[in-house]
Enquirer: 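Right, I'll just put the structure down here and ask away after.
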Amino acid sequence: MKIGILSSGGDCPGINATIRGVGKTAITHYGMEVIGIHGGFSGLLNKDTEVLDEHSLSGILNLGGTILGTSREKGFREMLTSVDQEKSQCIIQAYQELGLDCLVCIGGNGTQKTTNLLSEHGLNVIGLPKTIDNDIWGTEITFGFDTAVNIATEAIDRLHSTASSHKRVMLVEVMGHKAGWIALFAGMAGGADVILLPELGFNPEVVNEAIRERARKGKPHSIVVVAEGVKLPDKRKATDFLTKEIEEATGIETRKTVLGYIQRGGNPSPFDRNLATRLGGYATQLIADKQFGRMVCIKDGEISSIPLAEVAGKLKLVTPEHDLIIQGKRMGISFGV
């Protein structure tokens with residue numbers, strides 16, 4: 001069999017480990033031919049490819065980013081959702097001209113939606129869940145999440161010392177537009193005093209009172225972790241608003257730190273390397289068994305798969321009943337509501 005593999009959407013620690021997991025399993029165990037597609041789905045249309053062999057797949061396990069490159073080609077996504085059959089045929093033709101028996105698509109929610117559309121067009125595809133946001137429906141965890149949580153937690157750890165030294169409130173903005181998984185896990189692991197999530201929203205006075213209460217107890221410094229997707233009615237950034245709001249309401253000097261793309265860069269954690277290897281290997285097994293149109297996932301701690309049609313268009317969000325939220329509240333951590 002001849003399989004293609006691409007990575008689409010944002011970069012993420014663990015993509016190269018996944019490419020390696022798919023490729024080495026395909027070559028050494030199943031005797032398949034593996035074609036790497038450069039630049040995501042745009043590379044598929046342009047047939048910008050290279051043959052991947054054991055040599056090209058060596059030494060990439062610990063590398064961040066993606067050796068194949070990636071892209072966010074909006075026009076391509078629009079094309080797939082269009083009723084324009086001529087444009088749809090271009091995708092099918094590129095796949096056929098490359099002589100592929102299956103296409104492996106590594107990516108987040110948008111990529112899985114696109115991969116499902118390819119499946120509906122009759123192409124053999126397998127999806128692999130990649131995102132630091134951990135918000136892909138149908139899997140307990142995505143690779144890249146653990147690394148991002150480690151990076152964010154280390155940053156929070158470092159901010160504790162400057163917060164206590166200067167008796168400041170330190171706001172830490174982490175990634176997560178719609179899902180607050182990084183904020184929740186890194187905030188709890190980093191000993192944050194306030195954690196704000198997009199799913200819950202927040203009341204500024206609740207946040208201010210939590211900080212004032214700490215000051216009354218002789219703790220005039222606090223760590224506030226904020227997911228970037230936390231909304232305000234006037235669409236201002238929550239961290240910008242809260243930096244000024246907290247300082248004015250509490251009288252405590254307040255500073256913000258935005259971690260940004262630091263969370264997506266660098267080498268994957270050992271956990272993510274092993275997870276990516278397992279997911280990639282299982283994807284190749286699905287191909288060998290001709291079980292197409294599925295996304296590899298983790299259920300109850302075991303590697304499995306789920307139909308792409310069940311994943312497309314859905315998000316896995318934090319719920320108020322999550323055990324970390326419940327335990328956090330029991331320990332006096334404020335979630336701003």
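Heavy-atom basis, side chains included; hydrogens, waters and symmetry copies ignored. The model shown is predicted, which means the values in this text are computed figures rather than measured ones.
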Enquirer: Are side-chain heavy atoms of Glu199 and Thr319 found at a separation under 4.5 Å?
Expert: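 Answer no - side chains too far apart.
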
Enquirer: Output every pair passing side-chain hydrogen bond (donor to acceptor under 3.5 Å, both in side chains) with a member in residues 272-287, not counting sequence neighbours, ordered by first then second residue.
Expert: Thr147-Asp272

Enquirer: With a cutoff of under 4.5 Å between side-chain heavy atoms, which Ile, Leu, Val, Met, Phe, Trp and Tyr residues group with Leu315?
Expert: Leu317

Enquirer: Keeping Glu228 on the side-chain end and Gly176 on the backbone end, is there a donor-acceptor pair under 3.5 Å?
Expert: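 Checking the backbone N and O of Gly176 against the side chain of Glu228, a donor-acceptor pair under 3.5 Å is found.
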
Enquirer: Taking side-chain hydrogen bond (donor to acceptor under 3.5 Å, both in side chains) as the test, write out the residues that go with Glu173, two or more places apart.
Expert: Lys237, Thr239

Enquirer: Report the residues that fulfil ring pair (Phe, Tyr, Trp, His ring centres under 6.0 Å) with His322, sequence neighbours left out, ordered by chain and then residue number.
Expert: Trp181, Phe185

Enquirer: Hey, is NZ on Lys47 packed in by over 12 heavy atoms from elsewhere, all under 6.0 Å?
Expert: yes

Enquirer: For Gly301, is there any backbone N or O sitting under 3.5 Å from a side-chain donor or acceptor partner on Glu140?
Expert: yes

Enquirer: Restricting to side-chain hydrogen bond (donor to acceptor under 3.5 Å, both in side chains), what partner residues turn up for Ser56, sequence neighbours left out?
Expert: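 Asp53.
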
Enquirer: Please step through side chain to side chain contact (heavy atoms under 4.5 Å, CB included) for the pair Leu123 and Leu103, ending with a clear verdict.
Expert: CA-CA 8 Å; Leu123 305 187; Leu103 177 66; 5.8 Å; no

Enquirer: Do Gln327 and Leu324 come close enough that some side-chain heavy atom pair is under 4.5 Å?
Expert: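 Side chain of Gln327 against side chain of Leu324, heavy atoms only: no contact under 4.5 Å found.
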
Enquirer: So how far is it from Asp135 CG to Phe145 CZ, rounded to the nearest 0.5 Å?
Expert: 10.0 Å

Enquirer: For residues Val224 and Val169, determine if any side-chain heavy atom of one lies less than 4.5 Å from a side-chain heavy atom of the other.
Expert: yes

Enquirer: What verdict does the side chain to side chain contact (heavy atoms under 4.5 Å, CB included) test give for Leu159 and Ile223, after you've listed the backbone C-alpha separation in whole Å, the side-chain angles of each residue and the deciding distance to 0.1 Å?
Expert: CA-CA 8 Å; Leu159 288 170; Ile223 299 290; 4.2 Å; yes

Enquirer: Can you name the residues that form a side-chain contact (heavy atoms from CB on, under 4.5 Å) with Asn203, not counting sequence neighbours?
Expert: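 Partners of Asn203 under the side-chain contact (heavy atoms from CB on, under 4.5 Å) test: Glu205, Val206.
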
Enquirer: Answer yes if Leu57 and Ile5 sit in the same cluster of Ile, Leu, Val, Met, Phe, Trp and Tyr residues linked by side chain heavy atoms under 4.5 Å apart, and no otherwise.
Expert: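 Yes.
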
Enquirer: Judged by atom type as modelled, is there a donor-acceptor pair below 3.5 Å linking the side chain of Tyr95 to the main-chain atoms of Leu45?
Expert: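 Not confirmed, Tyr95 side chain does not pair with Leu45 backbone.
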
Enquirer: Quick one: side-chain hydrogen bond (donor to acceptor under 3.5 Å, both in side chains) pairs with a partner in residues 23-38, sequence neighbours left out?
Expert: His38-Asp48, His38-Glu50

Enquirer: Is any side-chain heavy atom of Thr70 less than 4.5 Å from a side-chain heavy atom of Ile15?
Expert: no

Enquirer: Could you pull out the closest heavy-atom pair between Ala148 and Ile132, with the gap in Å?
Expert: CB-CB, 3.7 Å

Enquirer: Is any side-chain heavy atom of Val22 closer than 4.5 Å to one of Ile3?
Expert: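 Counting from C-beta outward, Ile3 and Val22 do come under 4.5 Å.
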
Enquirer: Please check if the side chain of Gln263 supplies one atom and the backbone of Met175 the other of a donor-acceptor pair under 3.5 Å.
Expert: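 Yes, Gln263 side chain to Met175 backbone: donor-acceptor pair under 3.5 Å.
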
Enquirer: Just wondering, do Asn109 and Lys113 contact through their side chains at under 4.5 Å, heavy atoms?
Expert: no

Enquirer: Report yes if the side chains of Ile106 and Leu68 come closer than 4.5 Å at any heavy-atom pair, otherwise no.
Expert: no

Enquirer: Nearest 0.5 Å, please: how far is CD1 in Ile287 from CG in Asn124?
Expert: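 Taking CG in Asn124 and CD1 in Ile287, the distance rounds to 9.0 Å.
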
Enquirer: Assess whether side chain to side chain contact (heavy atoms under 4.5 Å, CB included) is satisfied between Thr18 and Lys130, documenting all intermediate values.
Expert: CA-CA 9 Å; Thr18 308; Lys130 172 272 307 177; over 6 Å; no

Enquirer: Between Asn134 and Lys316, does a side chain to side chain contact (heavy atoms under 4.5 Å, CB included) hold up when you go through it step by step?
Expert: CA-CA 8 Å; Asn134 197 39; Lys316 182 185 70 179; 3.4 Å; yes

Enquirer: Determine, stepwise, if the pair Asp193 / Arg214 fulfils salt bridge (Lys or Arg N to Asp or Glu O under 4.0 Å).
Expert: CA-CA 9 Å; Asp193 306 296; Arg214 282 179 52 79; 2.9 Å; yes

Enquirer: Got more than 12 heavy atoms from elsewhere within 6.0 Å of NZ, Lys167?
Expert: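 Counting other residues, nucleotides and ligands, NZ of Lys167 stays at 12 neighbours or fewer.
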
Enquirer: Hey, could you give me each pair passing side-chain hydrogen bond (donor to acceptor under 3.5 Å, both in side chains) that has a residue in residues 291-307? Not counting sequence neighbours.
Expert: Arg294-Ser305

Enquirer: Scan residues 190-241 for pairs that pass ring-ring contact (aromatic ring centres under 6.0 Å, His included), counting only residues two or more places apart or in two chains.
Expert: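 Listed once each, the pairs would be none.
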
Enquirer: Report yes or no: does Thr142 contribute a side-chain atom to a donor-acceptor pair with the main-chain N or O of Pro129 at less than 3.5 Å?
Expert: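 No; zero donor-acceptor contacts below 3.5 Å.
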
Enquirer: From Ser161 OG over to His166 NE2, what is the distance, rounded to the nearest 0.5 angstrom?
Expert: 9.0 Å

Enquirer: Distance from Ile211 atom CD1 to Leu242 atom CG, nearest 0.5 Å?
Expert: 8.0 Å

Enquirer: For residues Gly293 and Ser119, report the shortest heavy-atom separation together with the two atoms involved.
Expert: CA-OG, 3.8 Å

Enquirer: For the side chain of Asn208 and the backbone of Thr250, is there at least one donor-acceptor N/O pair under 3.5 Å apart?
Expert: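 No; judged by distance alone, with no hydrogens or angles, the pair does not exist.
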
Enquirer: Around atom NZ of Lys219, are there more than 12 heavy atoms of other residues, nucleotides or ligands at under 6.0 Å?
Expert: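 Open: at most 12 neighbouring heavy atoms sit under 6.0 Å from NZ of Lys219.
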
Enquirer: Between OG1 of Thr243 and CG of Leu171, what distance do you get to the nearest 0.5 Å?
Expert: 4.5 Å

Enquirer: Just how far is it from atom CG of Leu200 to atom CD1 of Ile195, taken to the nearest 0.5 Å?
Expert: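 Output value for this atom pair is 10.5 Å.
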
Enquirer: Among Ile19, Val296, Leu128, Val125, exactly one meets side chain to side chain contact (heavy atoms under 4.5 Å, CB included) together with Val104. Which residue is that?
Expert: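 Among Ile19, Val296, Leu128, Val125, the one that satisfies the side chain to side chain contact (heavy atoms under 4.5 Å, CB included) with Val104 is Leu128.
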
Enquirer: Got more than 12 heavy atoms from elsewhere within 6.0 Å of CZ, Arg216?
Expert: yes

Enquirer: State which residues pass side-chain contact (heavy atoms from CB on, under 4.5 Å) with Asp323; sequence neighbours excluded, sorted by chain then number.
Expert: none

Enquirer: Going by side-chain hydrogen bond (donor to acceptor under 3.5 Å, both in side chains), name the residues that satisfy it together with Ser334, two or more places apart in sequence or in a different chain.
Expert: none

Enquirer: So Ile325 and Glu321, do their side chains get closer than 4.5 Å, heavy atoms only?
Expert: no

Enquirer: Taking all non-hydrogen atoms of both residues into account, name the closest pair between Leu196 and Val230 and its distance.
Expert: O-CG2, 3.6 Å

Enquirer: Restricting to pairs with a member in residues 242-269, which pass salt bridge (Lys or Arg N to Asp or Glu O under 4.0 Å), not counting sequence neighbours?
Expert: Asp11-Arg264, Arg168-Glu253, Asp240-Lys256, Glu247-Arg255, Glu253-Arg255

